[in-house]
Amino acid sequence: MQLEGRTIGLIEDDTIMGESLVQSLTLEGCHVDWWQTGDEAIRGLQVTSPDLVVCDIRLPDVRGDQLFRTLASQGSIPPFLFVTAFGDVDQAVQVMRAGAGDYITKPFEMSAFVSRASSLINRHHASSAEKVLGVSSLMIDLEENIRKICDLTSPLLITGETGAGKDVCARFLHAISVRSKEPFIAVNCAAIPADLVEQELFGFHGQGPQKLHRGLAERAKAGILFLDEIAELPLALQAKLLRLIETREFSRVGGEQVMQFHGRIVCSTNRDVAALAQNGEFRKDFYYRISGMRLEVPPLRERRDDIQWLMDLFFEQFAPIASSVLRGFSSLTCDQAIEHAWPGNVRELRNRVERASALTTGEWVMPYDLFPDANKREHPLVRAFTPLAEARDDAERRQIERALAKTSGQISEAAKLLEVSRTTLWDKMRRFGIHAEHTTESPKL
């Protein structure tokens, strides 16, 4: 069925129409939350997030188009499908221009209604699923913030643990910005000898055959100059970079010509530069200048929803090169990956997937392939003869508990994450002994 497992919010004051839609949508496998007034809908949408809202234009306390505008002004909302009489088509068209999904005029065939509703949901999920940095709420927020600041000229400081993805964020910012056609020049400040950093950054006028060397600041042109591991930069160079930021001018070493800097400086570090500045190990004025705009990349252990997404991403990259028979990761491997601490963050995950893809001999990447350094006594393969039904139940129980924790006990939201109906989720919770007091909803049968 096209709508099976979906949650639909229905705003309809006509009891005959409402009961008919509830019955028809239930037969399609949906869970329906039915509200008969705009006020009920506002309160209902505060505690649930349906895949689609079906709304009548004419309601007893407010017009449907006015309700949509009110909800849209308060934050992100699901797509709306308006049900209109012929005389309300103008209002429906206007609210479509304001961002609503679609409308359908009464009377209508249920098959046409289901087709419209399914199309709206699929389009909404497709647009929201196209994430670049991750699918966890932390990375979605980070991606949205990068999109907001990508075209600014002020310096940016990206912080986070080693391997968390600071370089990826900097390159993503460059790719979506107005500077995308200009160079992205990256320099690891810790990898260049201290006595050569200034020449590498600003260039130099020399003697002999190499009379002119253009530095990284010059080669960046109007693009991005990405200074990785900025905390390792010598104090004297920090002062010269501060001048570059404030005056947007620099001179090559040994030269007198003043050059204009047209790019944007993006810095990154895995160290606490605020503490370093307090201790005199980092210039305070330079720190305040580069940290006016700051983004933090969370470690992988704090965004476990990204783990399997990243595993699949790297698998698609490495598996076709390594083997033609590899099909993916076993469920045991995914479970262990989610529980792993990932001290090396995304870089560690990428390296493990690359190694496993190359060395796995079967069709599926097993736990030992991904974690060959694990203690065999604690390894999941020791339980290789656990009954399949028990292993499946354990995996389902963990997924349900994770979904409930992520949604703060919201059954409808958890069911949507798990792609099952609300009734199915309640049945499984009762079977696995996941008690209702851990949730904020009651079963609706």
Side-chain angles (χ1 to χ4, degrees), residues 1-60 62-65 67-68 71 76-86 88 92 95-96 100-129 403 407 410-429 439 441-445:
M1 294 184 183
Q2 293 177 311
L3 296 176
E4 186 172 4
R6 300 299 188 181
T7 298
I8 307 294
L10 174 62
I11 312 174
E12 174 61 71
D13 65 312
D14 186 321
T15 55
I16 296 176
M17 172 67 80
E19 289 174 356
S20 175
L21 281 173
V22 169
Q23 182 179 12
S24 298
L25 289 169
T26 302
L27 289 173
E28 292 288 332
C30 299
H31 167 75
V32 183
D33 290 314
W34 180 16
W35 306 297
Q36 297 189 4
T37 67
D39 183 61
E40 287 181 7
I42 290 174
R43 285 187 278 112
L45 288 169
Q46 290 174 346
V47 296
T48 186
S49 297
D51 296 288
L52 175 73
V53 174
V54 179
C55 183
D56 197 345
I57 283 286
R58 295 180 181 271
L59 297 170
V62 65
R63 291 188 60 84
D65 52 335
L67 173 64
F68 171 81
L71 292 168
S76 178
I77 57 174
F80 268 60
L81 174 59
F82 280 97
V83 178
T84 74
F86 182 77
D88 295 319
V95 78
M96 283 276 292
D102 201 353
Y103 72 92
I104 189 168
T105 56
K106 296 184 281 189
F108 51 80
E109 294 289 336
M110 194 61 197
S111 59
F113 178 89
V114 169
S115 178
R116 294 279 188 92
S118 179
S119 176
L120 267 181
I121 292 173
N122 291 337
R123 291 205 312 266
H124 179 71
H125 280 274
S127 62
S128 62
T407 61
Q410 294 290 333
I411 300 296
S412 299
E413 286 294 291
K416 184 166 68 172
L417 288 177
L418 297 168
E419 297 187 0
V420 298
S421 69
R422 195 166 173 269
T423 301
T424 298
L425 180 54
W426 272 110
D427 289 341
K428 289 184 177 292
M429 287 172 59
T439 74
E441 298 181 34
S442 298
K444 292 183 180 179
L445 303 177

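- Across Leu67 and Gly38, no two heavy atoms sit closer than the pair CD1-O, 4.0 Å.
- Within the 4.5 Å cutoff, the side chain of Val32 has no heavy atoms near those of the Val54 side chain.
- Annotation: side chain to side chain donor-acceptor pair (under 3.5 Å) contacts of Thr37 (sequence neighbours excluded): none.
- Using a 4.5 Å heavy-atom threshold, the side chains of Met429 and Ile411 count as touching.
- Residues passing the side chain to side chain contact (heavy atoms under 4.5 Å, CB included) test with Ser119, sequence neighbours excluded: Arg123.
- The shortest side-chain heavy-atom distance between Leu417 and Glu413 does not fall under the 4.5 Å cut-off.
- One finds the CD atom of Glu28 at 9.5 Å from the OG atom of Ser111 (value rounded to the nearest 0.5 Å).
- Here the closest heavy-atom approach between residue Gly64 and residue Cys55 is recorded as CA-SG, 4.0 Å.
- By the ring-ring contact (aromatic ring centres under 6.0 Å, His included) test, Phe113 pairs with Phe108, sequence neighbours left out.
- Taking the side chain as every heavy atom from C-beta outward, Ile104 and Val83 approach each other to under 4.5 Å.
- Note: Arg422 CZ to Gln410 CD = 9.5 Å, rounded to the nearest 0.5 Å.
- A heavy-atom distance below 4.5 Å is found between the side chains of Arg63 and Arg58.
- Proximity of a side-chain donor or acceptor of Asp102 to a complementary backbone N or O of Leu81 within less than 3.5 Å is not detected.
- Atom-to-atom distance recorded for Lys416:NZ and His31:NE2 is 12.0 Å, nearest 0.5 angstrom.
- Every ring-ring contact (aromatic ring centres under 6.0 Å, His included) that Phe80 has, sequence neighbours left out, goes to Phe68, Phe82.
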Passes side-chain contact (heavy atoms from CB on, under 4.5 Å), Ile8 versus Ile121? Steps please. CA-CA 10 Å; Ile8 307 294; Ile121 292 173; 4.2 Å; yes
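- The heavy-atom pair separating Ser412 from Thr48 by the smallest distance is CB-OG1, 3.6 Å.
- Closest approach of Trp34 to Glu12, counting heavy atoms only: NE1-O, 2.8 Å.
- No side-chain donor-acceptor contact under 3.5 Å links Trp35 to the backbone of Gly9.
- Between Pro78 and Pro50, the closest heavy-atom pair is CB-O, 3.3 Å.
- Within the 4.5 Å cutoff, side-chain heavy atoms of Leu52 are placed close to those of Pro79.
- Annotation: side chain of Leu45 is in contact with side chain of Val53 (closest heavy-atom distance under 4.5 Å).
- If you take CG on Leu25 and CG on Leu10, they are separated by 7.5 Å, rounding to the nearest 0.5 Å.
- Under the rule for a side chain to side chain contact (heavy atoms under 4.5 Å, CB included), the partners of Ala414 that lie at least two apart in sequence or sit in another chain are Ala403, Leu404, Thr407, Leu425.
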Kindly list each side-chain donor-acceptor pair under 3.5 angstrom involving residues 13-23, sequence neighbours excluded, with atom names and distances?
from: Asp14; atom 1: OD1; to: Ile16; atom 2: N; distance (Å): 2.9
from: Asp14; atom 1: OD1; to: Met17; atom 2: N; distance (Å): 3.1

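- The OG atom of Ser421 sits 13.5 Å away from the CG atom of Leu3 when rounded to the nearest 0.5 Å.
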